[in-house]
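First comes the structure, then the notes that go with it.
Both ligands and their constituent atoms are indexed starting at 1 by order of listing.
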Amino acid sequence: MSDYKFLWDKVIEVIRLSTSKSIFQSFFSVVHPLSFDNNKYIIQVDSPLVADWLKQKYSKKIEALLSDQTGEKIKLVVKVKSEPQKIETLSVSELEKENSRLFPPQKKKVSISSNLNPNFTFNNFIVGGSNQMAHAAAFASGQNPGHVYNPLFIYGGVGLGKTHLMQAIGNANLIHHKDINVHYISCERFINQFIEGIQNNSLTKFRNLYRENTDVLLIDDIQFLSNKEAMQEEFFHTFDSLLNAGKQIVMTCDKSPNELENIEERLVNRFEWGMVVDIQSPNFETRVAIINKKLEHFGKCFDDDVCYYLANKVRNDVRKIEGAIIKLLGFASVQNKPVTLEMAKECLRDYIVSPAVTLESIQKTVADFFNIRINELCSSKRSRNISHPRQIAMFFCRTLTNSSLNEIAQSFGGKDHTTVLYACRKIDNERMENELVNQEIITLNKRIVENS
Ligand code: ADP
Ligand code: MG
(Lines give C-alpha, C1' and ligand atoms only; values in the text may rest on other atoms or scores of the structure.)
(Ligands and ions follow the chains in the order given, each with its own letter.)
Protein backbone atom coordinates (compact mmCIF):
# COMPACT_ATOMS: atom_id res chain seq x y z
CA MET A 1 0.00 0.00 0.00
CA SER A 2 1.36 3.42 -0.91
CA ASP A 3 2.40 5.74 1.89
CA TYR A 4 -0.30 8.30 1.40
CA LYS A 5 -2.99 5.63 1.68
CA PHE A 6 -1.38 4.21 4.79
CA LEU A 7 -1.33 7.73 6.24
CA TRP A 8 -5.03 8.16 5.46
CA ASP A 9 -5.86 4.87 7.16
CA LYS A 10 -4.19 6.14 10.32
CA VAL A 11 -6.19 9.37 10.24
CA ILE A 12 -9.44 7.60 9.57
CA GLU A 13 -8.88 5.21 12.47
CA VAL A 14 -8.80 8.14 14.87
CA ILE A 15 -11.83 9.75 13.29
CA ARG A 16 -13.80 6.54 13.44
CA LEU A 17 -13.34 6.48 17.20
CA SER A 18 -14.42 10.04 17.72
CA THR A 19 -17.50 10.34 15.47
CA SER A 20 -20.88 8.66 15.40
CA LYS A 21 -21.36 5.64 13.18
CA SER A 22 -23.86 7.39 10.91
CA ILE A 23 -21.65 10.43 10.35
CA PHE A 24 -18.71 8.17 9.67
CA GLN A 25 -20.70 6.09 7.21
CA SER A 26 -22.15 9.08 5.40
CA PHE A 27 -19.08 11.25 5.15
CA PHE A 28 -15.87 9.36 5.70
CA SER A 29 -16.53 6.02 4.07
CA VAL A 30 -16.94 7.86 0.74
CA VAL A 31 -13.58 9.62 0.84
CA HIS A 32 -10.80 8.51 -1.52
CA PRO A 33 -7.27 9.61 -0.72
CA LEU A 34 -5.76 10.88 -4.00
CA SER A 35 -2.23 12.08 -3.40
CA PHE A 36 0.24 13.56 -0.97
CA ASP A 37 2.80 15.96 -2.34
CA ASN A 38 4.53 19.13 -1.20
CA ASN A 39 2.77 19.02 2.17
CA LYS A 40 -0.57 18.99 0.36
CA TYR A 41 -2.86 16.04 1.01
CA ILE A 42 -5.60 15.67 -1.59
CA ILE A 43 -8.76 13.67 -0.99
CA GLN A 44 -11.69 13.19 -3.31
CA VAL A 45 -15.42 12.74 -2.76
CA ASP A 46 -18.34 12.39 -5.14
CA SER A 47 -20.58 15.13 -3.93
CA PRO A 48 -20.14 18.87 -3.32
CA LEU A 49 -22.28 18.52 -0.20
CA VAL A 50 -19.90 16.03 1.37
CA ALA A 51 -16.94 18.18 0.31
CA ASP A 52 -18.47 21.30 1.85
CA TRP A 53 -19.28 19.50 5.01
CA LEU A 54 -15.82 17.98 5.35
CA LYS A 55 -14.19 21.34 4.71
CA GLN A 56 -16.39 23.12 7.21
CA LYS A 57 -16.34 20.60 9.99
CA TYR A 58 -13.26 18.45 9.67
CA SER A 59 -10.50 20.03 7.64
CA LYS A 60 -8.74 21.46 10.74
CA LYS A 61 -8.97 18.15 12.57
CA ILE A 62 -7.76 16.14 9.58
CA GLU A 63 -4.90 18.55 8.99
CA ALA A 64 -3.90 18.25 12.65
CA LEU A 65 -3.98 14.46 12.48
CA LEU A 66 -1.95 14.44 9.27
CA SER A 67 0.56 16.78 10.84
CA ASP A 68 0.77 14.56 13.93
CA GLN A 69 1.57 11.58 11.73
CA THR A 70 4.16 13.30 9.56
CA GLY A 71 5.60 15.89 11.92
CA GLU A 72 5.03 18.57 9.29
CA LYS A 73 2.37 21.18 8.63
CA ILE A 74 -0.06 19.70 6.11
CA LYS A 75 -2.73 21.39 4.00
CA LEU A 76 -5.84 19.38 3.15
CA VAL A 77 -7.47 19.76 -0.26
CA VAL A 78 -10.93 18.30 -0.84
CA LYS A 79 -11.84 17.64 -4.47
CA VAL A 80 -15.18 16.73 -5.94
CA LYS A 81 -15.16 14.02 -8.57
CA SER A 82 -18.14 14.84 -10.73
CA GLU A 83 -19.05 18.00 -12.64
CA PRO A 84 -21.05 19.84 -9.93
CA GLN A 85 -17.64 20.98 -8.73
CA LYS A 86 -17.80 23.78 -11.24
CA ILE A 87 -20.71 25.35 -9.36
CA GLU A 88 -18.49 25.83 -6.39
CA THR A 89 -15.75 27.57 -8.26
CA LEU A 90 -17.85 29.87 -10.40
CA SER A 91 -17.05 33.56 -10.40
CA VAL A 92 -19.85 36.02 -9.66
CA SER A 93 -20.61 36.70 -13.31
CA GLU A 94 -20.46 33.00 -14.15
CA LEU A 95 -22.78 32.33 -11.24
CA GLU A 96 -25.25 34.89 -12.58
CA LYS A 97 -25.06 33.27 -16.00
CA GLU A 98 -25.61 29.87 -14.45
CA ASN A 99 -28.58 31.20 -12.53
CA SER A 100 -30.21 32.70 -15.56
CA ARG A 101 -29.66 29.46 -17.47
CA LEU A 102 -31.34 27.52 -14.70
CA PHE A 103 -34.00 30.07 -13.97
CA PRO A 104 -34.51 32.14 -17.11
CA PRO A 105 -36.26 35.37 -16.12
CA GLN A 106 -38.79 35.12 -18.94
CA LYS A 107 -40.02 31.88 -17.42
CA LYS A 108 -41.28 33.73 -14.41
CA LYS A 109 -44.72 34.21 -15.88
CA VAL A 110 -46.49 34.93 -12.66
CA SER A 111 -45.01 36.15 -9.44
CA ILE A 112 -46.31 33.93 -6.67
CA SER A 113 -46.31 34.42 -2.97
CA SER A 114 -43.68 32.27 -1.31
CA ASN A 115 -45.64 31.83 1.98
CA LEU A 116 -42.32 31.84 3.80
CA ASN A 117 -41.78 32.93 7.37
CA PRO A 118 -38.65 35.14 7.23
CA ASN A 119 -37.71 34.11 10.78
CA PHE A 120 -36.80 30.60 9.71
CA THR A 121 -33.24 30.97 8.52
CA PHE A 122 -30.03 28.93 8.61
CA ASN A 123 -28.57 31.64 10.75
CA ASN A 124 -30.77 30.91 13.72
CA PHE A 125 -30.82 27.14 13.30
CA ILE A 126 -28.56 25.33 15.76
CA VAL A 127 -26.65 22.44 14.25
CA GLY A 128 -25.79 19.39 16.32
CA GLY A 129 -25.27 15.68 15.80
CA SER A 130 -29.02 15.12 15.61
CA ASN A 131 -29.56 17.34 12.57
CA GLN A 132 -26.13 17.73 10.99
CA MET A 133 -26.87 15.86 7.80
CA ALA A 134 -30.29 17.37 7.35
CA HIS A 135 -28.77 20.81 7.83
CA ALA A 136 -25.93 20.14 5.38
CA ALA A 137 -28.30 18.89 2.69
CA ALA A 138 -30.74 21.76 3.28
CA PHE A 139 -27.92 24.28 3.21
CA ALA A 140 -26.72 22.97 -0.14
CA SER A 141 -30.25 23.21 -1.56
CA GLY A 142 -30.50 26.73 -0.16
CA GLN A 143 -27.44 27.73 -2.19
CA ASN A 144 -28.10 25.84 -5.39
CA PRO A 145 -31.70 24.69 -5.71
CA GLY A 146 -32.31 21.88 -8.15
CA HIS A 147 -28.65 20.95 -8.21
CA VAL A 148 -27.32 18.89 -5.44
CA TYR A 149 -30.04 16.91 -3.77
CA ASN A 150 -33.27 16.72 -5.60
CA PRO A 151 -35.74 15.80 -4.30
CA LEU A 152 -34.74 16.40 -0.71
CA PHE A 153 -36.77 14.44 1.83
CA ILE A 154 -36.42 15.51 5.48
CA TYR A 155 -38.11 13.38 8.12
CA GLY A 156 -38.32 13.24 11.91
CA GLY A 157 -40.53 13.74 14.96
CA VAL A 158 -42.67 16.70 15.90
CA GLY A 159 -40.99 20.00 16.80
CA LEU A 160 -37.50 18.99 15.70
CA GLY A 161 -37.01 21.68 13.09
CA LYS A 162 -38.23 20.19 9.80
CA THR A 163 -40.39 23.16 8.87
CA HIS A 164 -37.67 25.54 10.03
CA LEU A 165 -35.04 23.92 7.79
CA MET A 166 -37.38 23.69 4.84
CA GLN A 167 -38.31 27.36 5.06
CA ALA A 168 -34.65 28.28 5.56
CA ILE A 169 -33.99 26.69 2.16
CA GLY A 170 -36.66 28.90 0.61
CA ASN A 171 -35.43 32.03 2.33
CA ALA A 172 -31.86 31.32 1.22
CA ASN A 173 -33.06 30.65 -2.35
CA LEU A 174 -34.73 34.04 -2.47
CA ILE A 175 -31.55 35.75 -1.33
CA HIS A 176 -29.28 33.96 -3.79
CA HIS A 177 -31.62 33.84 -6.78
CA LYS A 178 -33.76 36.94 -7.04
CA ASP A 179 -35.80 35.82 -10.01
CA ILE A 180 -37.09 32.49 -8.87
CA ASN A 181 -40.47 31.50 -7.56
CA VAL A 182 -40.26 29.67 -4.27
CA HIS A 183 -43.47 28.17 -3.01
CA TYR A 184 -43.95 26.80 0.49
CA ILE A 185 -47.16 24.94 1.25
CA SER A 186 -48.37 22.48 3.84
CA CYS A 187 -49.51 19.22 2.34
CA GLU A 188 -52.95 19.68 3.90
CA ARG A 189 -53.36 23.05 2.21
CA PHE A 190 -52.08 21.58 -1.06
CA ILE A 191 -54.77 18.89 -0.86
CA ASN A 192 -57.47 21.47 -0.11
CA GLN A 193 -56.40 23.58 -3.08
CA PHE A 194 -56.60 20.51 -5.28
CA ILE A 195 -60.12 19.74 -4.04
CA GLU A 196 -61.15 23.37 -4.58
CA GLY A 197 -59.67 23.10 -8.07
CA ILE A 198 -61.92 20.13 -8.84
CA GLN A 199 -64.98 21.77 -7.31
CA ASN A 200 -64.51 25.10 -9.09
CA ASN A 201 -63.35 23.67 -12.37
CA SER A 202 -60.04 25.44 -11.90
CA LEU A 203 -57.60 22.55 -11.98
CA THR A 204 -55.69 24.20 -14.81
CA LYS A 205 -54.93 27.15 -12.59
CA PHE A 206 -53.78 24.80 -9.83
CA ARG A 207 -51.57 22.89 -12.26
CA ASN A 208 -50.10 26.04 -13.75
CA LEU A 209 -49.20 27.29 -10.32
CA TYR A 210 -47.36 24.15 -9.32
CA ARG A 211 -46.06 22.81 -12.60
CA GLU A 212 -45.26 25.95 -14.58
CA ASN A 213 -44.74 28.80 -12.14
CA THR A 214 -42.85 27.18 -9.30
CA ASP A 215 -39.07 26.82 -9.32
CA VAL A 216 -38.73 25.53 -5.78
CA LEU A 217 -41.59 23.58 -4.24
CA LEU A 218 -41.43 23.14 -0.48
CA ILE A 219 -44.15 20.78 0.64
CA ASP A 220 -44.53 20.24 4.36
CA ASP A 221 -45.85 17.11 6.13
CA ILE A 222 -46.19 14.94 3.08
CA GLN A 223 -47.56 12.08 5.23
CA PHE A 224 -50.98 13.65 4.71
CA LEU A 225 -50.99 12.19 1.19
CA SER A 226 -51.71 8.79 2.75
CA ASN A 227 -54.99 7.27 1.58
CA LYS A 228 -55.66 10.11 -0.90
CA GLU A 229 -55.32 8.32 -4.23
CA ALA A 230 -56.44 11.12 -6.55
CA MET A 231 -54.15 13.55 -4.80
CA GLN A 232 -51.25 11.13 -5.07
CA GLU A 233 -51.84 10.83 -8.80
CA GLU A 234 -51.86 14.61 -9.12
CA PHE A 235 -48.75 15.01 -7.00
CA PHE A 236 -46.98 12.31 -9.00
CA HIS A 237 -47.38 14.35 -12.19
CA THR A 238 -46.50 17.63 -10.49
CA PHE A 239 -43.43 15.97 -9.07
CA ASP A 240 -42.31 14.59 -12.44
CA SER A 241 -42.88 17.77 -14.31
CA LEU A 242 -40.92 19.83 -11.78
CA LEU A 243 -38.06 17.35 -11.62
CA ASN A 244 -37.87 17.04 -15.38
CA ALA A 245 -37.56 20.80 -15.58
CA GLY A 246 -34.70 20.75 -13.06
CA LYS A 247 -36.75 22.45 -10.36
CA GLN A 248 -36.09 21.78 -6.69
CA ILE A 249 -38.54 19.77 -4.58
CA VAL A 250 -38.19 19.57 -0.80
CA MET A 251 -40.54 17.49 1.33
CA THR A 252 -40.86 16.96 5.05
CA CYS A 253 -42.52 14.01 6.69
CA ASP A 254 -43.02 12.51 10.14
CA LYS A 255 -41.58 9.18 8.97
CA SER A 256 -39.10 7.80 6.46
CA PRO A 257 -40.34 6.97 2.93
CA ASN A 258 -40.29 3.26 3.58
CA GLU A 259 -42.42 3.63 6.70
CA LEU A 260 -45.13 5.53 4.80
CA GLU A 261 -48.33 3.59 4.48
CA ASN A 262 -51.07 3.87 1.87
CA ILE A 263 -48.98 5.85 -0.55
CA GLU A 264 -48.39 4.49 -4.06
CA GLU A 265 -45.11 2.72 -4.46
CA ARG A 266 -44.05 4.72 -7.52
CA LEU A 267 -44.40 7.88 -5.47
CA VAL A 268 -42.47 6.48 -2.50
CA ASN A 269 -39.75 5.42 -4.96
CA ARG A 270 -39.49 8.95 -6.21
CA PHE A 271 -39.22 10.33 -2.69
CA GLU A 272 -36.08 8.24 -2.36
CA TRP A 273 -34.52 9.36 -5.64
CA GLY A 274 -32.53 12.24 -4.25
CA MET A 275 -31.47 12.63 -0.68
CA VAL A 276 -33.31 11.30 2.38
CA VAL A 277 -32.16 12.76 5.69
CA ASP A 278 -33.55 12.47 9.19
CA ILE A 279 -33.62 14.74 12.23
CA GLN A 280 -33.36 13.15 15.65
CA SER A 281 -34.07 14.65 19.06
CA PRO A 282 -31.30 17.07 20.00
CA ASN A 283 -28.81 15.96 22.64
CA PHE A 284 -28.19 17.91 25.83
CA GLU A 285 -25.50 20.21 24.41
CA THR A 286 -27.59 21.05 21.36
CA ARG A 287 -30.59 21.77 23.58
CA VAL A 288 -28.50 24.17 25.65
CA ALA A 289 -27.28 25.88 22.47
CA ILE A 290 -30.86 26.15 21.19
CA ILE A 291 -31.99 27.69 24.49
CA ASN A 292 -29.20 30.26 24.33
CA LYS A 293 -30.01 31.09 20.71
CA LYS A 294 -33.68 31.61 21.54
CA LEU A 295 -32.74 33.80 24.53
CA GLU A 296 -30.44 35.83 22.32
CA HIS A 297 -33.48 36.52 20.14
CA PHE A 298 -35.28 37.98 23.18
CA GLY A 299 -32.15 39.86 24.27
CA LYS A 300 -32.03 37.82 27.51
CA CYS A 301 -29.84 35.22 29.12
CA PHE A 302 -30.30 32.61 31.87
CA ASP A 303 -27.82 31.36 34.44
CA ASP A 304 -26.35 28.01 33.51
CA ASP A 305 -28.29 26.15 36.19
CA VAL A 306 -31.60 27.39 34.76
CA CYS A 307 -30.46 26.55 31.25
CA TYR A 308 -29.39 23.04 32.24
CA TYR A 309 -32.60 22.52 34.17
CA LEU A 310 -34.63 23.41 31.10
CA ALA A 311 -32.44 21.33 28.79
CA ASN A 312 -32.81 18.33 31.07
CA LYS A 313 -36.51 18.58 31.54
CA VAL A 314 -37.75 19.30 28.02
CA ARG A 315 -36.04 16.89 25.70
CA ASN A 316 -37.85 15.76 22.63
CA ASP A 317 -39.47 18.81 21.17
CA VAL A 318 -37.80 22.13 20.45
CA ARG A 319 -41.21 23.80 20.18
CA LYS A 320 -41.80 22.88 23.81
CA ILE A 321 -38.40 24.25 24.78
CA GLU A 322 -39.44 27.55 23.19
CA GLY A 323 -42.75 27.43 25.02
CA ALA A 324 -40.98 26.91 28.34
CA ILE A 325 -38.65 29.87 27.72
CA ILE A 326 -41.54 32.17 26.84
CA LYS A 327 -43.52 31.05 29.85
CA LEU A 328 -40.58 31.59 32.16
CA LEU A 329 -39.75 35.03 30.75
CA GLY A 330 -43.39 36.05 31.12
CA PHE A 331 -43.49 34.76 34.69
CA ALA A 332 -40.31 36.67 35.62
CA SER A 333 -41.58 39.86 34.02
CA VAL A 334 -44.91 39.72 35.89
CA GLN A 335 -43.06 39.15 39.15
CA ASN A 336 -40.47 41.73 38.21
CA LYS A 337 -37.68 39.44 39.42
CA PRO A 338 -34.68 37.85 37.72
CA VAL A 339 -35.06 34.25 36.59
CA THR A 340 -33.69 31.75 39.11
CA LEU A 341 -33.68 27.98 39.26
CA GLU A 342 -36.35 28.01 41.98
CA MET A 343 -38.51 30.26 39.86
CA ALA A 344 -38.02 27.98 36.83
CA LYS A 345 -39.08 24.97 38.88
CA GLU A 346 -42.14 26.71 40.23
CA CYS A 347 -43.20 28.22 36.94
CA LEU A 348 -42.69 25.09 34.86
CA ARG A 349 -43.93 22.54 37.38
CA ASP A 350 -47.08 21.78 35.39
CA TYR A 351 -45.61 22.59 32.02
CA ILE A 352 -42.94 19.98 31.98
CA VAL A 353 -44.13 16.79 30.51
CA SER A 354 -42.45 13.47 30.89
CA PRO A 355 -41.39 12.39 27.42
CA ALA A 356 -42.86 8.95 28.08
CA VAL A 357 -46.48 10.15 28.22
CA THR A 358 -48.22 8.27 25.42
CA LEU A 359 -51.79 8.01 24.19
CA GLU A 360 -51.93 4.49 25.63
CA SER A 361 -50.61 5.51 29.06
CA ILE A 362 -53.20 8.29 29.24
CA GLN A 363 -56.03 5.97 28.24
CA LYS A 364 -54.97 3.42 30.84
CA THR A 365 -54.65 5.93 33.70
CA VAL A 366 -57.98 7.59 32.88
CA ALA A 367 -59.82 4.26 32.49
CA ASP A 368 -58.42 3.03 35.86
CA PHE A 369 -59.36 6.29 37.56
CA PHE A 370 -62.98 6.08 36.41
CA ASN A 371 -63.06 2.33 36.88
CA ILE A 372 -64.00 1.48 33.31
CA ARG A 373 -62.29 -0.70 30.71
CA ILE A 374 -60.06 0.74 27.95
CA ASN A 375 -62.27 -0.76 25.24
CA GLU A 376 -65.26 1.03 26.76
CA LEU A 377 -63.25 4.26 26.77
CA CYS A 378 -62.56 3.76 23.06
CA SER A 379 -66.09 2.62 22.19
CA SER A 380 -68.86 4.84 20.83
CA LYS A 381 -71.07 4.53 23.95
CA ARG A 382 -72.67 7.86 24.76
CA SER A 383 -73.70 7.42 28.40
CA ARG A 384 -72.03 10.04 30.60
CA ASN A 385 -70.17 7.49 32.75
CA ILE A 386 -68.24 6.52 29.57
CA SER A 387 -68.33 9.68 27.45
CA HIS A 388 -67.04 11.93 30.24
CA PRO A 389 -63.88 9.86 30.89
CA ARG A 390 -63.38 9.58 27.12
CA GLN A 391 -63.53 13.35 26.73
CA ILE A 392 -61.12 13.82 29.62
CA ALA A 393 -58.73 11.29 28.13
CA MET A 394 -58.89 13.05 24.74
CA PHE A 395 -58.25 16.36 26.49
CA PHE A 396 -55.07 14.95 28.08
CA CYS A 397 -53.93 13.35 24.84
CA ARG A 398 -54.16 16.78 23.26
CA THR A 399 -52.45 18.67 26.05
CA LEU A 400 -49.79 16.19 27.17
CA THR A 401 -48.60 14.61 23.94
CA ASN A 402 -47.47 15.82 20.55
CA SER A 403 -49.93 13.63 18.69
CA SER A 404 -52.10 15.22 16.03
CA LEU A 405 -55.88 15.42 16.33
CA ASN A 406 -56.14 12.65 13.75
CA GLU A 407 -53.77 10.36 15.61
CA ILE A 408 -55.68 10.92 18.83
CA ALA A 409 -59.01 10.32 17.13
CA GLN A 410 -57.68 7.09 15.60
CA SER A 411 -56.45 5.81 18.94
CA PHE A 412 -59.99 6.08 20.33
CA GLY A 413 -61.37 3.43 18.00
CA GLY A 414 -61.07 5.37 14.73
CA LYS A 415 -63.10 8.47 15.53
CA ASP A 416 -63.11 11.75 13.65
CA HIS A 417 -60.70 14.53 14.61
CA THR A 418 -63.65 16.90 15.19
CA THR A 419 -64.75 14.63 18.07
CA VAL A 420 -61.40 15.30 19.77
CA LEU A 421 -61.70 19.05 19.20
CA TYR A 422 -65.22 19.02 20.62
CA ALA A 423 -64.09 17.00 23.67
CA CYS A 424 -61.21 19.41 24.40
CA ARG A 425 -63.49 22.45 24.26
CA LYS A 426 -66.12 20.77 26.41
CA ILE A 427 -63.64 19.80 29.14
CA ASP A 428 -62.05 23.25 29.02
CA ASN A 429 -65.48 24.77 29.70
CA GLU A 430 -66.52 22.20 32.27
CA ARG A 431 -63.43 22.61 34.40
CA MET A 432 -64.11 26.33 34.67
CA GLU A 433 -67.74 25.82 35.66
CA ASN A 434 -67.50 22.65 37.70
CA GLU A 435 -64.98 22.35 40.54
CA LEU A 436 -65.39 18.56 40.65
CA VAL A 437 -64.24 18.25 37.06
CA ASN A 438 -61.39 20.64 37.79
CA GLN A 439 -60.25 18.43 40.69
CA GLU A 440 -60.46 15.33 38.47
CA ILE A 441 -58.20 17.06 35.96
CA ILE A 442 -55.65 18.07 38.58
CA THR A 443 -55.50 14.58 40.13
CA LEU A 444 -55.35 12.85 36.78
CA ASN A 445 -52.67 15.18 35.46
CA LYS A 446 -50.44 14.18 38.35
CA ARG A 447 -51.18 10.47 37.96
CA ILE A 448 -50.56 10.44 34.22
CA VAL A 449 -47.17 12.07 34.60
CA GLU A 450 -46.27 9.80 37.54
CA ASN A 451 -47.39 6.63 35.71
CA SER A 452 -45.46 7.39 32.56
P1 ADP B 1 -41.27 20.43 12.92
O2 ADP B 1 -41.67 21.00 11.60
O3 ADP B 1 -40.21 19.38 12.84
O4 ADP B 1 -42.44 19.95 13.73
P5 ADP B 1 -40.46 23.14 13.47
O6 ADP B 1 -39.54 23.35 12.32
O7 ADP B 1 -41.79 23.78 13.38
O8 ADP B 1 -40.62 21.60 13.80
O9 ADP B 1 -39.70 23.61 14.80
C10 ADP B 1 -40.39 23.93 15.98
C11 ADP B 1 -39.74 25.13 16.62
O12 ADP B 1 -38.47 24.77 17.11
C13 ADP B 1 -39.53 26.26 15.64
O14 ADP B 1 -39.81 27.49 16.26
C15 ADP B 1 -38.06 26.18 15.28
O16 ADP B 1 -37.52 27.47 15.03
C17 ADP B 1 -37.46 25.59 16.53
N18 ADP B 1 -36.30 24.75 16.26
C19 ADP B 1 -36.30 23.42 15.98
N20 ADP B 1 -35.05 22.97 15.81
C21 ADP B 1 -34.23 24.03 15.99
C22 ADP B 1 -32.82 24.20 15.94
N23 ADP B 1 -31.98 23.18 15.68
N24 ADP B 1 -32.32 25.44 16.16
C25 ADP B 1 -33.14 26.47 16.44
N26 ADP B 1 -34.48 26.37 16.50
C27 ADP B 1 -35.03 25.17 16.27
MG1 MG C 1 -43.51 21.17 10.75
Any heavy atom of [X] closer to ligand 1 than 4.0 angstrom?
X: Lys293; result: no
X: Gly128; result: no
X: Lys294; result: yes

Starting from [atom], which protein heavy atom do you reach first, and at what distance in Å?
atom: atom 27 (C) of ligand 1; result: Val318 CG1, 3.6 Å
atom: atom 14 (O) of ligand 1; result: Glu322 OE2, 2.7 Å
atom: atom 4 (O) of ligand 1; result: Gly159 N, 2.7 Å
atom: atom 24 (N) of ligand 1; result: Ile126 N, 2.8 Å
atom: atom 8 (O) of ligand 1; result: Gly161 N, 3.1 Å
atom: atom 2 (O) of ligand 1; result: Thr163 OG1, 2.7 Å
atom: atom 7 (O) of ligand 1; result: Arg319 NH2, 2.8 Å
atom: atom 15 (C) of ligand 1; result: His164 ND1, 3.4 Å

Just which atoms of ligand 1 are under 4.0 Å from any heavy atom in [X]?
X: Asn131; answer: 23 (N)
X: Gly157; answer: 3 (O)
X: Val158; answer: 4 (O)
X: Asn124; answer: 24 (N), 25 (C)

Taking atom types as modelled and ignoring hydrogens, do the side chains of [X] and [Y] form a donor-acceptor contact shorter than 3.5 angstrom?
X: Tyr155; Y: Glu259; answer: no
X: His164; Y: Asn124; answer: yes
X: Ser404; Y: Asn406; answer: no
X: Asp220; Y: Thr252; answer: yes
X: Asn283; Y: Thr286; answer: yes
X: Asn171; Y: Thr121; answer: no

On a heavy-atom basis, which atom in Ile222 and which in Ile219 lie closest, and how many Å separate them? CD1-CG2, 4.0 Å
Which of the protein's N, O or S atoms come within less than 2.8 Å of the Mg ion (ligand 2), not counting waters? Thr163 OG1
Describe, in one word, how the ring planes of His135 and Phe122 are oriented to each other, choosing from parallel (under 30°), tilted (30 to 60°) and perpendicular (over 60°). perpendicular
Below 30° counts as parallel, above 60° as perpendicular, anything between as tilted: where do the rings of Phe206 and Phe190 land? tilted
Please check whether Leu160 reaches ligand 1 - meaning an N/O of the residue sits under 3.5 Å from an N/O of the ligand, judged on distance alone. yes
Measuring from Asp221:CG to Met166:CE, what's the distance to the nearest 0.5 Å? 8.5 Å
Gap between atom NE2 of His147 and atom CD of Gln248 - 0.5 Å precision: 10.0 Å
Run Phe302 and Tyr309 through ring-ring contact (aromatic ring centres under 6.0 Å, His included) and show every step you take. CA-CA 11 Å; Phe302 288 161; Tyr309 172 75; over 10 Å; no
Under the 6.0 Å and 45° cation-pi test, does Arg390 pair with Phe412? no
Flag side-chain contact, heavy atom, 4.5 Å: Leu348 against Phe331: no
Relative to ligand 1, is Ile279 under 4.0 angstrom through side chain, backbone, both or neither, heavy atoms considered? neither
